Amino acid sequence: MRLRTLLVWLAVVPTVAMGVQVVISSDRSVQESRHLRKDVVAGRQTGVPLYRLMTTLQAERAVTAAWWSGMPVSGADLRGRRDDTDRAVSGFLKSSDPDQLHTDRAKDRLRDVTRRLADLGAQRERADARHGSPDDAVDFYTDVISGTIRCYGDFSHVDDGGLTQETTSLVGLFSAAEVVAREDAILALAGPSGKLTSARFGEFVEAIGASDYLYDTIAQDLPLDDQDALQRILTSNAWQIKSRIEKAVVSDHRDVSTGVVLPPDVGDWRAAYSTFSAQLSTLDESELQELLAHADDRAAQLEDQVVLLVAAGGAALLLVVAVVVFTTRSVLRRLRSLHDRTVTVAEKTLPDIVDRLQRGEDVGTDALPRPRGEQDEVGRVSDAFARVVAVSVEGHRKLADERHGFSVFASGIAARTGNLVSRQLALTEHIQDAYGQDEALLADLMRSDQLTVGMRRQIENLLILAGGEIPDPHMEPMRVADLLREAAAEVEDFRRIDRHAMDETSVEAEVISQLSHLLAELLDNATRFSPPTARVAIRSELVGDGLCIEIEDRGPRVTAERYEEMNGRLHSAPPYSVLARNAHRLGLFVVGHLADQLGATVTLRRSAFGGTSAVVIVPGEHLVPTREGAAVPGPVTVPSPVEEPEPAGERAPAPRPADERRPRLVAPRGTDDPDPADRPAPGTPGLPRRVRKEQVRPAGNTAPEAPARSGAEGATGSGDVPGRPALPERVPQTHLARRLREPRTAEPVGQDAATPEEVADAWADYEDSTRQVELELRQDQP
């Protein structure tokens, strides 16, 4: 994953997380506000009617208990209480809706109260008929009232501490009022006799303790105003009478066989209860209204909080987004700048500097990045990269200096060795001139001459690979036919080369030596890797891109991968490490260097005969039209035995040997007189000698020249320095022994004059030659 993507994710994740948090908090507040609104609506539609139903049921319960026990209760009073209860039930059933409540428990409790209210009429009928017991009637009302109180505990489901505390206090007030009302009903069951059963007396005692505990506990949780109101009720005269009667009942009762006889003070209960019960009802109802008002206010606060939260969250979110975007863009901008600098240095500046160093040019460090001393992470990375680049450039500079020094050293060694080879060629020519009458010696000298020429070409290869150049002594363009002949003369087995120049064109003088050397290397490979009896063809013709020269051999089959590898050597200059691993196959590297200097392309491929075809494309910029009237040397032919040598003065000027146009690797003597070693020995027959020609070079050119050498073929001489006598020219075939020039006796057609021994010797020579070639091929193959 890209660093830009990571930074974008780093910016997106906290932004999205914060946005989600704001949305969740806002949604929670909105939901709480909606629930509070629904709770307020449910409290006003269900809670208030339910409280009124609870108070009417408490009053009806007390009247019913008094009527059943024989207290002086009129029928009108009983019916009046029942009418109040019916109106409260009707209002409750009309306004209450269980679906408004949010919890299943609250819905179930409300439905249970509604179901019990449905049995209220039947219970009244049993009471009127006095069926059952008064305890059953009182318990019915008590269960319904307890169900209504439990409904209040399940109305609110909002997670708010204040409202929950107020709800708990309200339920406690309702429960405490119900306990006191239950005491009133129990005392009403005592009737005129003032006697209770033991069970009822126990319930009364428990109710006394429960009411005292509930009011003491509730007083601590109520608001200050409500606490004051409750304390006024608890300290009122009516409440004091209640407390005195409760103490008298507990302490002054008489236990009898049928129950408990209450003290006479119980008669003051009814008046005191009527007084403080009204006060408690007013307090409870006001507390219920305050709870609903507080819930409404709390819902409004939540709505305001939602607005504030959304506004603050949105502002904070925008701030976070702005900071994250600014930080991310700043980091990305610095990273992009670092990336652009490093990529520019790595892909353009550093390769250009390394290339210039390899070419031996002096390179400054102005273009390289420099440490800036920045303290942040990106700056330290940039400074570290600058130091790495500086170390790399310094290493390449040292390597280029070492390579340049080695190239100079190798060039010097090649020049000195070339001087020795030139002297060897001069000595060979002198021996040829002095002892040419000895046919066997002359043949050996000719072979030695060819081997020495090959040695010189290898030395020139070393000079080329070391980065040097061979100065070209040619002063005039050369015909392509002559160029092919000159290249073929450089090869030891030149007699197997067939030349075909398809077009009449010439090559510029300054590239003749390089192109001739290139073709000589390719021809040498072609003859060495072809069977001894196979011919090698070299053809040239003009094409759209310039001059196409194709060399075709009959060598062994080569795989496509091998051709790809060899073409790679031709198209790229290898380092010294690669040259060291291929020291025995440097010809292709030399060809590649020369092709690069000429701007030519060399491609190896499989020929139609199964061998290898080397295609050389010389750019048209190196070609010039052949001048009219230029001397055209004839093709080199095998010496005919019937030809007689002609005097040098009577023959037309023969083409000068191709090797006389090769550069010297030794400094000239500075005199027009030939070296004494170059003069023919006295008494030597008229064998031609190798003529060494001092080439005219431009001023300031101090490159050494290579000596001329003898070859099987020559080229037209030109470019003699004016003011000097004409140089002697080699006359073809005049150096051959007389026996070699005598005509051979024609062999009869269809007859074989060879003896069996001669045939066996010839076959043995053929097998030895074949084995030798196969051995050389195995050694040359990778």
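Quick caveat, the model's predicted, so the values are computed rather than measured. Only this structure's heavy atoms are used, side chains among them; waters, hydrogens and symmetry mates stay out.
- With rounding to the nearest 0.5 angstrom, the NE2 atom of His517 is 11.5 Å from the CG atom of Leu598.
- When side chains are defined from C-beta on, Val624 does not count as touching Thr505, because their heavy atoms never get closer than 4.5 Å.
- When each of Arg539, Arg605, Arg606 is paired with Glu552, the salt bridge (Lys or Arg N to Asp or Glu O under 4.0 Å) condition holds for Arg539 and for no other.
- In terms of the side chain to side chain donor-acceptor pair (under 3.5 Å) criterion, residue partners of Ser613 (sequence neighbours excluded) are, by chain and number, Glu550.
- Residues passing the salt bridge (charged side-chain N to carboxylate O under 4.0 Å, His left out) test with Glu621, sequence neighbours excluded: none.
- Contact record, Ala509 with Met475: CB-C, 3.8 Å, taken as the closest heavy-atom pair.
- Between the CG atom of Leu484 and the CE atom of Met478 there is a distance of 10.5 Å, given to the nearest 0.5 Å.
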query: Could you walk me through whether Ser506 and Thr626 pass the side chain to side chain donor-acceptor pair (under 3.5 Å) check?
result: CA-CA 5 Å; Ser506 299; Thr626 302; 3.0 Å; yes

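- The heavy-atom pair separating Pro556 from Phe529 by the smallest distance is CD-O, 3.1 Å.
- Thr452 places a side-chain N or O within donor-acceptor distance of the main-chain N or O of Ser448, the cut-off being under 3.5 Å.
- Note that CG of Leu483 and OG of Ser513 are 9.5 Å apart. Values are rounded to the nearest 0.5 Å.
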task: Start with the C-alpha distance between Val511 and Gln597, add both sets of side-chain angles, then the distance that settles side-chain contact (heavy atoms from CB on, under 4.5 Å), and finish with yes or no.
output: CA-CA 9 Å; Val511 299; Gln597 295 175 7; over 6 Å; no

Verdict with reasoning, Met566 to Val558, per side-chain contact (heavy atoms from CB on, under 4.5 Å): CA-CA 10 Å; Met566 291 189 295; Val558 179; 3.9 Å; yes

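- In this structure a side-chain-to-backbone donor-acceptor pair under 3.5 Å is missing from Thr527 to Arg496.
- Checked by atom type, the side-chain pair Thr603/Tyr563 shows no donor-acceptor distance below 3.5 Å.
- In terms of the salt bridge (charged side-chain N to carboxylate O under 4.0 Å, His left out) criterion, Arg554 has no residue partners (sequence neighbours excluded).
- In this structure, the side chain of Ser530 does not engage the main chain of Ala534 through any donor-acceptor pair within 3.5 Å.
- One distance of note links CG of Leu604 with CD of Glu564; it measures 12.5 Å at 0.5 Å rounding.
- Side-chain contact between Thr612 and Ser607 is absent, with no heavy-atom pair separated by less than 4.5 Å.
- No more than 12 heavy-atom neighbours from other residues, nucleotides or ligands sit within 6.0 angstrom of CG on Asp545.
- Every residue was checked against the side chain to side chain donor-acceptor pair (under 3.5 Å) condition with Asp596, not counting sequence neighbours, and none meets it.
- Here the shortest heavy-atom pairing between Ser540 and Ala501 reads OG-CA, 3.5 Å.
- Under the salt bridge (charged side-chain N to carboxylate O under 4.0 Å, His left out) criterion, Asp444 pairs with no residue at all, not counting sequence neighbours.
- No side-chain heavy atom of His474 sits less than 4.5 Å from a side-chain heavy atom of Glu510.
- You'll find the side chain of Leu542 reaches within 4.5 Å of the side chain of Leu547, heavy atoms only.
- Between Thr601 and Val618, every side-chain heavy-atom pair lies at or beyond the 4.5 Å cut-off.
- Asp524 and Arg528 are joined by a salt bridge, as a carboxylate oxygen and a charged side-chain nitrogen come within less than 4.0 angstrom of each other.
- Between Val616 and Cys548 the shortest side-chain heavy-atom distance does not fall below 4.5 Å.
- Scored by the salt bridge (charged side-chain N to carboxylate O under 4.0 Å, His left out) test, Arg535 finds Asp498 as partners (sequence neighbours excluded).
- Rounded to the nearest 0.5 Å, atoms NE2 (His593) and CG (Leu518) are 12.0 Å apart.
- When side chains are defined from C-beta on, Glu521 does not count as touching Leu594, because their heavy atoms never get closer than 4.5 Å.
- Counting heavy atoms from C-beta on, the side chains of Arg499 and Ile497 come closer than 4.5 Å.
- The line from CG of Asp553 to CG of Leu523 is 10.0 Å long, rounded to the nearest 0.5 Å.
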